[in-house]
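For ligands, and for the atoms within them, numbers begin at 1 and follow the listed sequence. Hydrogens, waters and symmetry mates play no part in the numbers below; they use all other heavy atoms, side chains included.
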Amino acid sequence: MSRKMLIDGEVGNSTVEEAQYDFDLFVIGAGSGGVRAARTSAGFGAKVAICELPFHPISSEVIGGVGGTCVIRGCVPKKILVYGASFRGEFEDAKNFGWELREPIEFNWKKLLHNKTQEIIRLNGIYKRLLSSSGVTMLEGEGKVIDSHGVELTQPDGAKRQYSAKHILIATGSRAQRPSIPGQELAITSDEALSLDEFPKRVVILGAGYIAVEFASIWRGMGATVDLFYRKALPLRGFDDEMRTVVARNLEGRGIKLHPERNLTELIKTEDGIRVLTDHGEELVADAVLFATGRASNTKRLNLEAVGVELDKTGAVKVDEYSRTTVPSIWAVGDVTNRMNLTPVALMEGTCFSKTVFGGQPSKPDYNHIPCAVFCIPPLSVVGLSEQQAIEQANGDILVFTSTFTPMKNTISGRQEKSVMKLVVDSETDKVIGASMCGPDAPEIMQGIAVALKCGATKEQFDSTVGIHPSAAEEFVTMRSVTRRVSAGSKPKTNL
Ligand code: NDP
């Protein structure tokens with residue numbers, strides 16, 4: 001490392017100390033937030049380096065890969081598997097539309113896995129090219145902070161090198177957590193689930209967050225039996241209770257066995273598979289057990305606390321509104337800060353960081369009106385407040401508008417599955433403060449609704465918007481009658 005060299009010079013009567021570093025910015029972690037910050041900082045003229053571990057496309061042993069969790073072992077491969085799983089329902093629905101499908105319709109897991117892996121390799125290459133065409137220096141290896149301006153890189157061959165930088169950005173993401181029950185090593189996490197050699201015909205899933213319900217839909221869609229165990233009465237804690245009920249009903253309707261208010265107590269390897277024991281005395285045998293029990297920030301091997309970077313009690317990096325840590329030259333964005341752990345949020349934080357540090361435009365990420373989607377089948381998508389959050393946060397009454405309807409396609413296919421939409425409106429301002437939908441295309445529809453909420457649209461403006469007919473989306477602009485009026489602080493009702 002050309003260690004921080006100080007050049008003393010005289011300007012007028014004052015002494016100027018100008019520090020020279022190898023780079024203006026050294027980014028540790030080339031996932032969504034890190035890559036975005038590296039590229040936008042380079043665009044502002046900064047001299048940038050980024051380090052990342054290499055990855056093996058079909059092994060989950062090595063955590064790494066330019067593109068990060070989203071591209072390598074998260075959103076992208078997951079969505080490809082969701083597409084793969086969705087065909088099952090499409091084939092069922094096609095029959096009443098006149099299609100004669102010859103049985104048995106077979107699913108080839110290895111083919112999908114191969115094609116998925118090829119796509120991930122392609123995207124990994126694109127990310128690398130984007131970085132190099134932006135002028136960012138890419139370094140392969142694991143980064144560790146050694147002081148407020150220094151990073152040590154351990155290369156894949158074990159060799160170590162040191163670099164100095166005016167600013168260091170921690171963008172190392174998060175990794176799956178496992179509950180410590182006997183036999184936990186027999187379970188897999190979403191990392192391995194995306195690259196299993198053999199398709200698991202019998203699956204047990206623990207958890208009921210995004211990953212659990214998405215993988216339940218994926219494996220069920222591909223023909224596996226799926227048993228979903230979770231601690232609460234409903235899946236997807238934190239989402240609108242009414243929509244959680246809808247998701248639970250849909251998962252069951254698609255053949256997933258729900259086991260609410262249950263936990264797993266032990267996993268035992270047998271010749272027939274993994275024997276799964278529960279806290280209610282049940283026993284099942286599975287080919288794969290997925291722990292989808294949350295993720296924790298990747299901070300353990302970074303030496304952060306030794307250089308003065310404070311972590312919170314979950315191990316996440318503490319940052320201020322501009323993503324600056326407790327060491328002024330060290331910053332952090334994305335899942336490693338455990339603010340809102342979504343790819344587009346990491347992108348926003350990365351952009352704001354670059355504008356603040358290199359663009360001369362101090363910018364705080366705006367966490368209001370962030371839409372999100374759970375890609376279960378059919379998907380759930382939301383923006384703004386749930387009914388429960390609205391009741392807690394509002395001063396006056398809340399108006400709730402709901403629409404439960406049979407999607408037009410289901411009238412012919414015969415699928416017994418309704419779509420549900422909901423708008424939550426502040427009665428005093430008439431502003432729409434929350435929207436949710438569970439049904440086909442919900443994420444595609446919700447992106448536009450998010451723009452309306454971000455602009456502060458009122459219910460009157462929703463009502464005066466002309467619908468697109470015939471579509472499910474038009475329901476959002478035709479919900480005329482109030483389903484219920486709820487006072488602040490009262491208990492929300494579910495009337496489905
Ligand atoms: P979540 O935090 O969403 O859900 C964790 C689930 O695990 C909860 O149901 C929780 O239950 C349960 N759980 C936690 N600890 C235990 C335990 N010891 N025993 C039994 N159950 C337990 O985590 P995920 O792993 O699903 O996802 C991680 C993050 O990744 C998400 O928060 C999200 O930010 C991101 N993500 C986003 C996606 C998207 O945008 N579509 C897709 C996938 C992931 P309880 O509710 O009882 O606490």
Which residues share a side chain to side chain contact (heavy atoms under 4.5 Å, CB included) with Thr406, sequence neighbours left out: Asn410, Thr411, Lys418

Kindly write out the residues that satisfy side chain to side chain contact (heavy atoms under 4.5 Å, CB included) with Asn368, not counting sequence neighbours, or none if the list is empty.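 Applying side chain to side chain contact (heavy atoms under 4.5 Å, CB included) to Asn368 gives Asp366.
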
What residues sit with at least one heavy atom under 4.0 Å from ligand 1? Lys78, Pro179, Leu206, Gly207, Ala208, Gly209, Tyr210, Ile211, Glu214, Arg231, Lys232, Arg237, Asn263, Ala292, Thr293, Gly294, Arg295, Asn341, Leu342, Ala373, Phe375

Would a 4.5 Å heavy-atom cut-off, applied to side chains only, mark Phe476 and Met437 as touching?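 Yes, side chains in contact.
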
Taking C-beta and beyond as the side chain, do Leu236 and Leu380 meet within less than 4.5 Å on heavy atoms?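 In short, these two side chains touch, coming nearer than 4.5 Å.
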
The criterion is salt bridge (charged side-chain N to carboxylate O under 4.0 Å, His left out); which residues satisfy it with Asp320, sequence neighbours excluded?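 None.
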
May I ask you to check whether Ser386 and Asp240 show a side-chain donor-acceptor distance below 3.5 Å?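 No donor-acceptor contact under 3.5 Å links the two side chains.
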
